[in-house]
Amino acid sequence: MISQTTLLGAAGEHYVMSQLLLRGLIAALAPQGVPNLDIVVSDVEGRRQLGIQVKSRLKKGSDGGWHMGAKHENIHSPTLFYCFVDFGDVLQDQPVTYILPSAKVAEVVRESHRAWLSRPGQRGQVRNDSKVRRLVPDYRYAYAPDPPRYASGWLDPYREAWDLLAPR
């Protein structure tokens with residue numbers, strides 16, 4: 001049986017592909033098993049190629065973020081971007097996409113995780129490291145670096161920033 005998470009991921013990939021095609025870019029799903037990208041993109045002339053990794057969510061969790069892994073701290077390339085798709089709380093909500101360069105994602109995930117590790121847990125204990133990371137719209141709380149460089153609004157410049165993927 002196919003999981004809801006798998007279907008949500010596929011929905012996000014197809015949504016991003018449709019947005020790219022509508023903007024005149026050539027987009028195709030990467031072969032299954034490619035480790036760091038979901039979509040391969042090219043301009044019509046074939047002068048610029050990009051890779052995109054898509055992260056999707058439906059119904060905001062307690063922190064309103066997306067699941068990431070330890071590997072995302074070290075994945076950065078000038079031709080790799082992330083599209084974080086927020087499908088909202090109900091199916092009638094209009095999806096919102098945040099488009100970020102991979103170097104920015106690596107920086108934010110790395111800094112926020114280090115900050116989280118440096119603070120005691122809820123019962124004052126030293127936190128144990130894990131492979132789990134989060135990309136969230138507001139890092140003022142548990143994941144906040146000091147000073148909180150990624151407080152509420154830090155994602156705003158990346159909201160619907162499809163122009164970052166346009167031919168140059």
Side-chain angles (χ1 to χ4, degrees), residues 1-44 48-69 71-73 75-109 111-113 132-144 149-168:
M1 176 165 223
I2 195 159
S3 74
Q4 285 301 111
T5 303
T6 300
L7 292 175
L8 180 63
E13 291 169 2
H14 287 276
Y15 177 77
V16 169
M17 280 191 12
S18 71
Q19 293 299 309
L20 295 167
L21 292 166
L22 286 168
R23 287 167 170 77
L25 295 167
I26 307 304
L29 288 176
Q32 195 155 11
V34 174
N36 296 329
L37 59 101
D38 300 311
I39 299 173
V40 179
V41 182
S42 174
D43 62 0
V44 175
R48 184 171 189 227
Q49 290 79 40
L50 302 171
I52 295 178
Q53 189 168 122
V54 178
K55 299 289 184 182
S56 304
R57 73 172 182 204
L58 179 64
K59 296 184 182 175
K60 294 182 181 181
S62 61
D63 65 7
W66 291 267
H67 295 291
M68 304 295 289
K71 72 176 190 174
H72 295 105
E73 291 184 2
I75 299 172
H76 45 82
S77 164
T79 59
L80 178 64
F81 291 81
Y82 288 82
C83 289
F84 294 93
V85 181
D86 181 358
F87 283 110
D89 293 328
V90 295
L91 290 176
Q92 291 76 16
D93 287 346
Q94 178 66 32
V96 174
T97 306
Y98 299 90
I99 298 97
L100 282 79
S102 59
K104 185 62 165 181
V105 172
E107 170 191 306
V108 172
V109 170
E111 285 185 27
S112 64
H113 186 68
V132 176
R133 306 290 189 270
R134 299 286 290 165
L135 187 109
V136 300
D138 187 354
Y139 282 100
R140 285 181 293 174
Y141 306 105
Y143 310 104
R149 294 178 19 176
Y150 308 110
S152 181
W154 81 269
L155 268 176
D156 292 349
Y158 303 103
R159 183 183 175 120
E160 305 299 338
W162 298 102
D163 58 308
L164 291 175
L165 308 175
R168 296 175 194 232

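In this chain, numbering begins with 1 at the start of the sequence shown. Small disclaimer: the values here were computed from a predicted structure and weren't measured.
Residues S102 and H76 come closest through the heavy atom pair OG-CA, 3.2 Å. Here the closest non-hydrogen pair linking D138 and W154 is N-NE1, 4.2 Å. Nearest heavy-atom pair across L164 and P101 is CD1-CD, 4.3 Å.
Every residue two or more places apart in sequence or in another chain that forms a salt bridge (Lys or Arg N to Asp or Glu O under 4.0 Å) with K104 is listed here: E107. Every residue two or more places apart in sequence or in another chain that forms a side-chain contact (heavy atoms from CB on, under 4.5 Å) with D43 is listed here: L25, E45, R47, R48, P167. Taking the side-chain contact (heavy atoms from CB on, under 4.5 Å) definition, one finds that V40 meets it with A30, L37, sequence neighbours left out. Annotation: side-chain contact (heavy atoms from CB on, under 4.5 Å) contacts of H67 (sequence neighbours excluded): R134. Partners of F81 according to the ring-ring contact (aromatic ring centres under 6.0 Å, His included) rule, which considers only residues two or more places apart in sequence or in another chain, do not exist here.
Put simply, CD on Q94 and CZ on F87 are 10.0 Å apart, with the number rounded to the nearest 0.5 Å. For the atom pair CD of Q53 and CD1 of I39, the computed distance is 10.5 Å after rounding to the nearest 0.5 Å. Distance check, rounded to the nearest 0.5 Å: CE of M68 to CD of E73 gives 10.0 Å. Atom CG in L58 sits 7.5 Å away from atom CG in D89 (nearest 0.5 Å). Atom CD1 of I26 is separated from atom CD of Q49 by 11.0 Å, given to the nearest 0.5 angstrom. We find the CD-CG distance between Q32 and D38 to be 10.0 Å, quoted to the nearest 0.5 Å.
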Exercise for review: Let me see the working for Y82 and H72 under side-chain contact (heavy atoms from CB on, under 4.5 Å), right down to the final yes or no.
Suggested key: CA-CA 11 Å; Y82 288 82; H72 295 105; 3.1 Å; yes
Exercise for review: Determine, stepwise, if the pair L155 / L100 fulfils side-chain contact (heavy atoms from CB on, under 4.5 Å).
Suggested key: CA-CA 9 Å; L155 268 176; L100 282 79; 3.8 Å; yes
Point to revise | Pair L50-L165, side-chain contact (heavy atoms from CB on, under 4.5 Å): steps then yes or no | key: CA-CA 8 Å; L50 302 171; L165 308 175; 3.9 Å; yes
Check your understanding: Checking side-chain contact (heavy atoms from CB on, under 4.5 Å) for the pair K55/V85: CA distance, chi angles, key distance, verdict?
Key -> CA-CA 6 Å; K55 299 289 184 182; V85 181; over 6 Å; no
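Taking 4.5 Å as the limit, every side-chain heavy atom of Y150 sits out of range of all side-chain heavy atoms of V136.
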Please tabulate, for the side chains in residues 6-21, all donor-acceptor contacts under 3.5 angstrom to protein atoms that are two or more places apart in sequence or on a different chain.
unit_1, atom_1, unit_2, atom_2, d
T6, OG1, S3, OG, 2.9
S18, OG, Y15, O, 2.7
Q19, OE1, R23, NH1, 2.7

